[in-house]
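Ligands are counted one by one from 1 in listed order, and the atoms in each one are counted from 1 as well.
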Amino acid sequence: MKIPLLDLKAQYAALRSEIRAAIDRVCEDQHFILGPEVDALEREIAAFCGSRFAVGVSSGTDALLAALMAAGVGPGDEVITSTYSFFATAGVIARLGARPVFVDIDAETFNLNGEQARAAISPQTRAIIPVHLFGRCAEMDDYLPLARRRGIAVIEDAAQAIGARDQRGESAGSLGDFGCFSFFPSKNLGAFGDGGMIVTGSSELAQKLRILRVHGGKPKYHHAVIGGNFRLDALQAAILRVKLRYLAQWSEARRQHARYYRAEFARLKLADHIALAPDTPGHIYNQFVIRCPARDHLQAYLRDQGIETEVYYPVPLHLQECFAGLGYGPGAFPVAERAAREALALPIYPELSAEQQTYVAERVADFYRQPLALSA
Ligand SMILES: *Cc1c(COP(=O)(O)O)cnc(C)c1O
């Protein structure tokens with residue numbers, strides 16, 4: 001059996017006529033950059049996330065970059081974030097001349113360790129970027145009140161977490177000052193190219209973001225600030241508006257699949273080998289990630305059985321060559337370093353079938369039944 005990590009063709013097949021109609025609408029209109037489709041998507045995303053304002057941008061990376069710019073982050077500032085995330089989370093900090101201050105993750109959830117984030121706050125701290133990794137909301141109670149008192153911006157990297165909820169039922173993106181989403185095709189709400197969105201509860205910050213995304217021009221050709229080309233295009237917005245209507249049901253399907261994997265792993269008595277992060281009600285499972293010994297051998301074995309998996313992320317950010325100058329070394333963040341060796345993402349997407357999941361779970365069990373699996 002062949003099982004991809006994510007099957008976008010199945011999703012498109014179900015939506016083909018609606019998406020074609022949305023594309024036709026934009027083609028007839030010939031309004032390609034920002035405009036009415038983007039305005040409508042912004043209203044719909046704001047409502048979906050329980051935020052007052054939403055600003056469409058060119059990618060999740062640019063959402064983070066523009067949010068940091070709107071928060072006034074620049075040279076001499078420190079920005080605290082997780083060392084276990086996609087590169088963009090830290091890249092945007094360094095691009096603005098600020099210093100990424102890395103913090104380890106929680107061993108169970110893979111998310112930024114809140115106590116350590118709080119302890120890392122210094123007089124230079126200008127922002128904190130928690131990452132809602134794999135679709136689970138990061139716990140922010142340890143530092144959010146202190147950040148508020150000190151005027152430190154909290155910028156949620158919710159690229160993998162659109163529609164996720166925290167333990168109080170609040171939506172990812174609406175918890176801090178800015179919520180940044182990505183519409184990269186592999187995210188739960190994926191465009192047909194790049195795209196992103198920033199949500200915020202502040203009309204002042206929303207206004208800043210709208211100016212920053214058009215090179216800082218307001219009025220046009222007059223620049224009090226320097227922004228960039230961070231614009232979202234109408235084709236992406238029109239496609240995303242179709243998909244947004246299905247997002248809640250897709251997330252529910254992903255949650256069901258996560259439960260089914262858990263049941264299958266229990267049936268196959270895999271608890272001695274693989275560790276599962278706890279299930280939380282608001283998790284939207286952009287990825288279903290297990291921790292497993294002999295991870296690279298398991299991945300190769302599964303590939304031979306037709307099962308595609310992915311390692312998120314093999315190198316924590318503090319060990320990236322480009323950040324060597326920050327002075328972190330191996331051992332600085334042992335929990336993240338261990339996750340980088342042990343974490344493996346299994347196929348998960350709404351259209352995944354029970355038969356496919358059983359096949360995946362049984363092949364994982366086969367691997368650990370081989371006497372040599374663990375010594376390999
Ligand atoms: C995908 C992703 C981004 C970047 O989003 P792009 O749209 O690809 O620029 C940032 N942070 C995290 C955690 C992501 O997963």
Show the distances, to 0.1 Å, for all pairs joining an N/O atom of ligand 1 and a protein N/O atom that are shorter than 3.5 Å, listing one pair per line.
| residue | atom | partner | partner atom | Å |
| --- | --- | --- | --- | --- |
| ligand 1 | 5 (O) | S182 | OG | 3.3 |
| ligand 1 | 7 (O) | G60 | N | 2.8 |
| ligand 1 | 7 (O) | S182 | OG | 2.6 |
| ligand 1 | 9 (O) | G60 | N | 3.4 |
| ligand 1 | 9 (O) | T61 | N | 2.8 |
| ligand 1 | 9 (O) | T61 | OG1 | 2.5 |
| ligand 1 | 11 (N) | D157 | OD1 | 3.2 |
| ligand 1 | 11 (N) | D157 | OD2 | 2.7 |
| ligand 1 | 15 (O) | Q160 | NE2 | 2.8 |
| ligand 1 | 15 (O) | K187 | NZ | 2.9 |

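Ring centroids of Y328 and F333 are separated by less than 6.0 Å, placing the two rings close together.
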Criterion side-chain hydrogen bond (donor to acceptor under 3.5 Å, both in side chains) on Y246 and E18, from CA distance to verdict: CA-CA 12 Å; Y246 297 89; E18 278 184 89; 2.3 Å; yes
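For A164, the side-chain contact (heavy atoms from CB on, under 4.5 Å) partners at least two apart in sequence or on another chain are C137, A161, A172, I284.
For residues 112-147, every residue pair satisfying the ring-ring contact (aromatic ring centres under 6.0 Å, His included) rule, not counting sequence neighbours, is listed here: F110-F134. Pairs of residues two or more places apart, or lying in two chains, never qualify as ring-ring contact (aromatic ring centres under 6.0 Å, His included) while including a residue from residues 155-188.
Between E115 and R118 there is no salt bridge, since none of the side-chain N atoms of the basic residue sits less than 4.0 Å from a carboxylate O of the acidic one.
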